[in-house]
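Owing to the predicted nature of the structure, the values given are computational and were not obtained by experimental measurement. Index from 1, following the sequence.
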Amino acid sequence: MDGSNFKEMRVLKIEEIPLYKDVKVIDGALIYGEVIGAYTMFYLEDSNYNGPFIAVTINDDSMDPGIDGNRRIAIKSQILTEMDTPLTIGKLGLFSFNGECIIRKFKVGGKNPVLEAFNKNYPEIRVEDKDEFYILGRVVESSNVDDFL
């Protein structure tokens with residue numbers, strides 16, 4: 001490829017965002033886990049992020065469908081989430097579900113949210129009124145993904 005399809009991008013700003021082992025919501029308050037590093041974010045000319053951001057390490061294989069999947073976020077990947085951002089159906093989000101921080105594809109079934117993992121070994125989560133459920137933000141980047149989010 002001669003590179004003629006690529007647009008040159010100018011980096012406007014570089015920001016180091018704390019990388020957390022995990023996060024969760026307890027009694028309505030966002031609780032940050034241990035800081036284990038930093039996520040380097042590059043703001044390009046066409047970036048349309050508003051922030052604030054949180055970066056979290058993936059601790060399970062729920063978003064890794066294995067060799068047959070066309071999109072994957074592997075264990076130990078780092079994800080960048082834009083908080084306070086509307087999450088549309090079909091997008092990936094960072095959620096707190098009954099005290100556990102999870103990444104899932106956001107869907108709706110009836111009047112309630114449905115959270116879908118890429119790995120079919122994990123069942124869909126149908127959020128019910130009794131559940132403690134919070135949308136923490138929209139996943140915008142991953143350090144180890146085979147397809148765009």
Side-chain angles (χ1 to χ4, degrees), residues 9 11-149:
M9 296 281 184
V11 175
L12 301 177
K13 179 172 92 171
I14 299 174
E15 183 177 348
E16 293 288 322
I17 296 168
L19 175 65
Y20 295 95
K21 183 175 181 179
D22 63 1
V23 295
K24 57 184 82 175
V25 176
I26 298 174
D27 295 329
L30 183 62
I31 308 297
Y32 297 92
E34 175 187 358
V35 175
I36 57 172
Y39 188 101
T40 303
M41 182 172 175
F42 296 90
Y43 289 86
L44 303 175
E45 289 177 302
D46 65 347
S47 294
N48 57 0
Y49 302 140
N50 297 315
F53 298 97
I54 186 169
V56 180
T57 299
I58 303 301
N59 297 311
D60 66 26
D61 66 348
S62 64
M63 299 308 285
D64 187 350
I67 196 165
D68 296 329
N70 62 354
R71 294 174 67 180
R72 67 186 290 264
I73 302 175
I75 295 175
K76 304 298 180 202
S77 294
Q78 301 168 0
I79 58 115
L80 180 67
T81 302
E82 186 173 21
M83 301 177 74
D84 301 330
T85 301
L87 184 63
T88 56
I89 295 171
K91 296 295 182 183
L92 295 184
L94 177 65
F95 306 95
S96 179
F97 179 73
N98 293 332
E100 182 183 352
C101 178
I102 59 173
I103 285 84
R104 295 289 191 276
K105 183 176 179 181
F106 182 69
K107 298 173 21 179
V108 175
K111 66 178 182 89
N112 292 340
V114 175
L115 309 177
E116 179 183 54
F118 289 164
N119 185 333
K120 297 306 176 194
N121 291 325
Y122 288 76
E124 280 188 339
I125 297 172
R126 295 189 171 275
V127 179
E128 299 178 13
D129 294 339
K130 66 176 177 56
D131 293 318
E132 185 179 16
F133 174 71
Y134 299 93
I135 298 173
L136 302 178
R138 179 176 60 98
V139 175
V140 294
E141 291 181 10
S142 172
S143 65
N144 183 14
V145 68
D146 292 338
D147 198 355
F148 291 107
L149 304 175

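The shortest non-hydrogen separation linking Gly93 to Leu87 is CA-CD2, 4.0 Å. Residues Glu141 and Tyr39 approach most closely at OE1-OH, 2.8 Å, considering heavy atoms. Taking all atoms of both residues into account, the shortest heavy-atom contact from Met63 to Lys105 is CE-N, 4.2 Å. Contact between Ala38 and Leu19 at its shortest, heavy atoms only, is N-CB, 3.8 Å. For the residue pair Ser142 and Ile73, the shortest heavy atom distance occurs at OG-CG2, 3.8 Å.
Ion pairing between Lys120 and Glu116 holds under the 4.0 Å rule for side-chain N and carboxylate O. The residues Glu128 and Arg126 are annotated as not salt-bridged, no charged nitrogen and carboxylate oxygen being separated by less than 4.0 angstrom.
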Verify side chain to side chain contact (heavy atoms under 4.5 Å, CB included) between Phe106 and Leu92, making sure each step is shown before the conclusion. CA-CA 6 Å; Phe106 182 69; Leu92 295 184; over 6 Å; no
Does Asp129 form a salt bridge (charged side-chain N to carboxylate O under 4.0 Å, His left out) with Lys111? I'd like the steps, not just the answer. CA-CA 10 Å; Asp129 294 339; Lys111 66 178 182 89; 3.4 Å; yes
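For the 3.5 Å distance criterion, the side chains of Asp131 and Asn98 qualify, holding a donor opposite an acceptor. Under 3.5 Å, the side chains of Ser62 and Arg104 contain a donor-acceptor pair of N or O atoms. Side-chain contact of Asp60 with Tyr122: a donor-acceptor pair under 3.5 Å is absent, judged by distance alone.
Residues Ile102 and Ile125 form a side-chain contact, since some pair of their non-hydrogen atoms from C-beta on lies under 4.5 Å apart. Counting heavy atoms from C-beta outward, Ile103 and Ile58 have side chains that approach closer than 4.5 Å. Two residues are said to be in side-chain contact when any heavy atoms from C-beta on lie closer than 4.5 Å; Phe53 and Glu82 meet this criterion. Between Leu136 and Ile54, the closest side-chain pair of non-hydrogen atoms is not below 4.5 Å. Counting heavy atoms from C-beta on, the side chains of Ile36 and Thr57 come closer than 4.5 Å.
Put simply, SG on Cys101 and CG on Leu94 are 4.0 Å apart, with the number rounded to the nearest 0.5 Å. Once rounded to the nearest 0.5 Å, the distance linking CG of Asp61 with CG of Asn121 reads 7.5 Å. Summarising the geometry, atom CD1 belonging to Ile135 is positioned 8.5 Å from atom CG belonging to Leu115; distances are rounded to the nearest 0.5 Å.
Taking the six-membered ring where tryptophan is involved, the planes of Tyr20 and Tyr32 are tilted, since the angle between them lies from 30° to 60°.
Under the 3.5 Å distance criterion, the side-chain polar atoms of Asn112 are matched with a main-chain donor or acceptor of Val127. In this structure a side-chain-to-backbone donor-acceptor pair under 3.5 Å is present from Asn59 to Lys21.
Note: Phe95 and Phe133 meet the aromatic proximity criterion, with ring centroids under 6.0 Å apart.
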